[in-house]
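Here is the structure we will look at.
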Amino acid sequence: MFKQKILYVMVFSGSLAFFGQSFASGSGHSHDHGHSHGHDGDSHGGHHEGMDSAGGGMHWSKLISKEQKKEVDRMHHELDDALKPLKEAEAEKQKELNELTIKDGMDQAKINQAIDELMAIKNKILRHRYAHLTEMRHILDDAQRKSYDAAILKRHEIK
């Protein structure tokens, strides 16, 4: 029974590590919300030339004014600044969890506590990212917002 619990914890920790890496990785931007700010135009929802993600018109990033672009850049910079220490803490906490998991005779309560601490950090990251998404929507007009919203709905994760 004890070995089954250890195996479960190792699988769970491995999953967290894998998904945490997916969660934390991206196109070099911590604020990838369905777009990559024009740097790589990848198929994961980057700033695409032409049609939006729903195929119904221009992508919102092609419709914004110079003033809106400045505001978007400012918001992205603020998000990066807010997320940097959280992402560092997340990586450190994940490392601690992994190290706890492989210790012989480790108390499950300590592992659970580390998991709770890691999830609290991830919670803060998600709150920042979703606050940013809603802030972004506020500067867009109706047509831009329609395209932006379509990109959000297509996503399966926030990076």
* **salt bridge (Lys or Arg N to Asp or Glu O under 4.0 Å) pairs, two or more places apart, involving residues 106-118** =>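 Every salt bridge (Lys or Arg N to Asp or Glu O under 4.0 Å) pair that includes a residue of residues 106-118, provided the two are not neighbours, is K93-E117.
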
List the residues meeting side chain to side chain contact (heavy atoms under 4.5 Å, CB included) with [X], not counting sequence neighbours, and say none if there are none.
| X | result |
| --- | --- |
| A114 | L97, L100 |
| I64 | W60, Q68, K69, V72, L140, Q144 |
| E88 | K84 |

* Audit row: M75, I139, side chain to side chain contact (heavy atoms under 4.5 Å, CB included) steps and yes/no -> CA-CA 11 Å; M75 287 188 280; I139 68 162; 3.4 Å; yes

Tell me, please, which residues at least two apart from [X] pass salt bridge (charged side-chain N to carboxylate O under 4.0 Å, His left out).
| X | value |
| --- | --- |
| E99 | none |
| D81 | none |
| R127 | none |

* Asked: Can you find a pair of side-chain heavy atoms, one from R129 and one from L83, that are under 4.5 Å apart?
  ->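 Yes - at least one pair of side-chain heavy atoms lies under 4.5 Å apart.
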
[atom1]/[X] to [atom2]/[Y] distance, rounded to the nearest 0.5 angstrom?
| X | Y | atom1 | atom2 | answer |
| --- | --- | --- | --- | --- |
| D73 | E78 | CG | CD | 11.5 Å |
| K122 | L86 | NZ | CG | 11.5 Å |
| N123 | H128 | CG | NE2 | 10.0 Å |
| R145 | R137 | CZ | CZ | 5.5 Å |
| I152 | Y130 | CD1 | OH | 8.0 Å |
| M119 | K124 | CE | NZ | 13.5 Å |

* **Audit row: T101, M106, side chain to side chain contact (heavy atoms under 4.5 Å, CB included) steps and yes/no** => CA-CA 7 Å; T101 302; M106 178 50 61; over 6 Å; no

* Asked: Any Lys/Arg nitrogen of E71 or K66 sitting under 4.0 Å from an Asp/Glu carboxylate oxygen of the other?
  ->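 Salt bridge: no.
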
* Asked: Taking 4.0 angstrom as the limit, do D149 and K146 come out as a salt bridge?
  ->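 No, this pair does not count.
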
* **For D141, all residues meeting side chain to side chain donor-acceptor pair (under 3.5 Å), sequence neighbours excluded** =>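 Per chain and number, D141 pairs via side chain to side chain donor-acceptor pair (under 3.5 Å) with no residue.
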
